[in-house]
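Okay, so here's the structure we're looking at.
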Amino acid sequence: MSTPPSVETVVVDGLALAQEIRKELSEAVGRHVAAGRRAPKLAVVLVGDDPASASYIKGKRRACERVGMDSSETKLPETATQQEVLDTVAALNADDGVDGILVQVPLPKGLDPKEVALAIDPAKDVDGLNPTNAGLLLQGTADLVACTPLGCMEILRRFDIPLEGADAVVIGRSDIVGKPVAVLLQQANATVTQCHSRTKDLREHCRRADVIVAAVGVPKLVQRDWVKPGAAVIDVGVTVVDGVLTGDVDTEGVQGVAKIVTPHRRGVGPMTITMLLRNTLTAYERRKGL
Ligand code: NAD
């Protein structure tokens, strides 16, 4: 393989960036508490006993604690019915002490995540998955937007990646990552191409892109010769291959070509949790009229 012009590639330290933002969030929470108000509270719901989901929830609750937010966890068994999940959400909607509600996905087979998202009060929908918030996002007026797309945008912003007029390629079109990140990029005045499993010649689309966001779940899909020199590459994908976490981008391969690349560890992941905290603070402030 020929070696393209050498670019000094920055491997984004998503954890360091996340910690910077969490410090700002912690200060904001501190100001509310100092003013005599209760701390913001995130309520998480875990259905079933998928170990990965349990571990994600633990991480989210720990992150809340570290910025001074409250959190609660409602555990439902694998055998929970759709109605039981909806009743849990309804109780949290009605609880004035809860600002954000997150129902961890994937839900066990047979449960409908879209109906659950629809049931969450849009004012407490910190995952941005309720159709009201998804619709407001399309119109550019959403307060609560899906966390991973927000994390991707924050990384681009903090690394001063120009988006105005830039060609951006988003690989993936899920409701939780691909679609909202494409909308956010378009609202930042990028020209966005949304690619997916039926896209013809994905590599050619990527080679033209100033910004690539890969949210697919196919290990090392984006190779060195897919990347234009100087492009920003955001790797959202997380797949476990033989027990090892792997991203959608060949991180090593794009060294010397990409301007920035997020690694699959300490990349977008910590930023996703941080945006969840930010959304919880936003929901709290909006609900209190602050
Ligand atoms: P998804 O399965 O809902 O969507 C995957 C998308 O990729 C689909 O739109 C599909 O059309 C597209 N796709 C599949 N194969 C393709 C191919 N060969 N070429 C082009 N497009 C293809 O997944 P998702 O929920 O959007 O998540 C995507 C990845 O991001 C997963 O690996 C997931 O684990 C990861 N993820 C990471 C974070 C994080 O915080 N780091 C958060 C959410 C999701």
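One-based numbering, in listed order, for ligands and for the atoms of each. Computed from a prediction, not measured in an experiment: that's the story for all the values here. The analysis underlying the following values was restricted to heavy atoms, covering all of them including side chains, and did not include hydrogens, waters or symmetry mates.
- Scanning all protein heavy atoms for the shortest distance to atom 44 (C) of ligand 1 gives Val177 CG2, 3.9 Å.
- Among the atoms of Asp248, none of the N or O lies under 3.5 angstrom from an N or O of ligand 1.
- Atom 18 (N) of ligand 1 has Val218 CG2, 4.1 Å as its closest protein atom, hydrogens excluded (heavy atom only).
- Atoms of ligand 1 found under 4.0 Å from any heavy atom of Gly237, numbered from 1 in the order shown, are 29 (C), 30 (O), 32 (O), 35 (C).
- Between the Glu73 side chain and the Leu46 main chain, no donor and acceptor come within less than 3.5 Å of each other.
- Remark: among candidates Ile176, Thr262, Asp175, the nearest residue to atom 25 (O) of ligand 1 is Ile176, based on non-hydrogen atoms.
- When hydrogens are left out, the protein atom nearest atom 42 (C) of ligand 1 is Thr148 OG1, 3.2 Å; that is the closest non-hydrogen contact.
- Remark: ligand 1 and Ser174 share an N or O pair separated by less than 3.5 Å (distance only, no angle test).
- Salt-bridge annotation for Asp225 and Arg203: present, with a side-chain N of the basic residue lying under 4.0 Å from a carboxylate O of the acidic one.
- Between Asp99 and Arg38, at least one side-chain N (NZ, or NE/NH1/NH2) sits under 4.0 Å from a carboxylate O, which counts as a salt bridge.
- The closest approach between a heavy atom of Cys195 and any atom of ligand 1 is not below 4.0 Å.
- At a threshold of 4.0 Å, the pair Glu154-Arg278 counts as salt-bridged, since one of the basic side-chain nitrogens sits closer than that to a carboxylate oxygen.
- Nearest-residue assignment for atom 31 (C) of ligand 1 (options Gly217, Pro149, Gly267; heavy-atom criterion): Gly217.
- Under the 4.0 angstrom criterion for non-hydrogen atoms, Val216 is in contact with ligand 1.
- Annotation for Lys288: atom NZ counts as buried by contact number, over 12 foreign heavy atoms lying within 6.0 Å.
- Looking at Ile101, Val103, Thr74, Asn93 one by one, the single match for side-chain contact (heavy atoms from CB on, under 4.5 Å) with Thr88 turns out to be Thr74.
- Taking a 4.0 Å cut-off on heavy atoms, Gly269 registers as neighbouring ligand 1.
- At least one N or O atom of Val238, backbone or side chain, sits closer than 3.5 Å to an N or O atom of ligand 1.
- Electrostatic pairing of Arg158 and Glu24 counts as a salt bridge here, judged by a charged N lying under 4.0 Å from a carboxylate O.
- The protein heavy atom nearest to atom 10 (C) of ligand 1 is Ser197 N, 4.0 Å.
- Ion pair Asp248/Lys220 not flagged as a salt bridge, since none of the NZ, NE, NH1 or NH2 atoms sits closer than 4.0 Å to an Asp/Glu carboxylate oxygen.
- Legend: ring pair (Phe, Tyr, Trp, His ring centres under 6.0 Å) pairs involving residues 256-287, not counting sequence neighbours, sorted by first then second residue: His32-Tyr284.
- Residue pairs meeting the ring pair (Phe, Tyr, Trp, His ring centres under 6.0 Å) criterion with at least one partner in residues 122-145, sequence neighbours excluded, are absent.
- Under 4.0 Å from ligand 1, heavy atoms of Val236 appear from its side chain as well as its backbone.
- Looking from atom 40 (O) of ligand 1 to the surrounding protein, the closest heavy atom is Thr272 OG1, 2.8 Å.
- In this structure, the side chains of Leu276 and Leu42 come closer than 4.5 Å at one or more pairs of heavy atoms.
- The nearest protein atom to atom 19 (N) of ligand 1, hydrogens excluded, is given as Leu202 CD2, 3.7 Å; this is a heavy-atom distance.
- Near Ile171, with a cut-off below 4.0 Å to any heavy atom, the atoms of ligand 1 are 20 (C), 21 (N).
- When the options His196, Arg173, Lys179, His205 are ranked by their closest heavy atom to atom 8 (C) of ligand 1, first place goes to Arg173.
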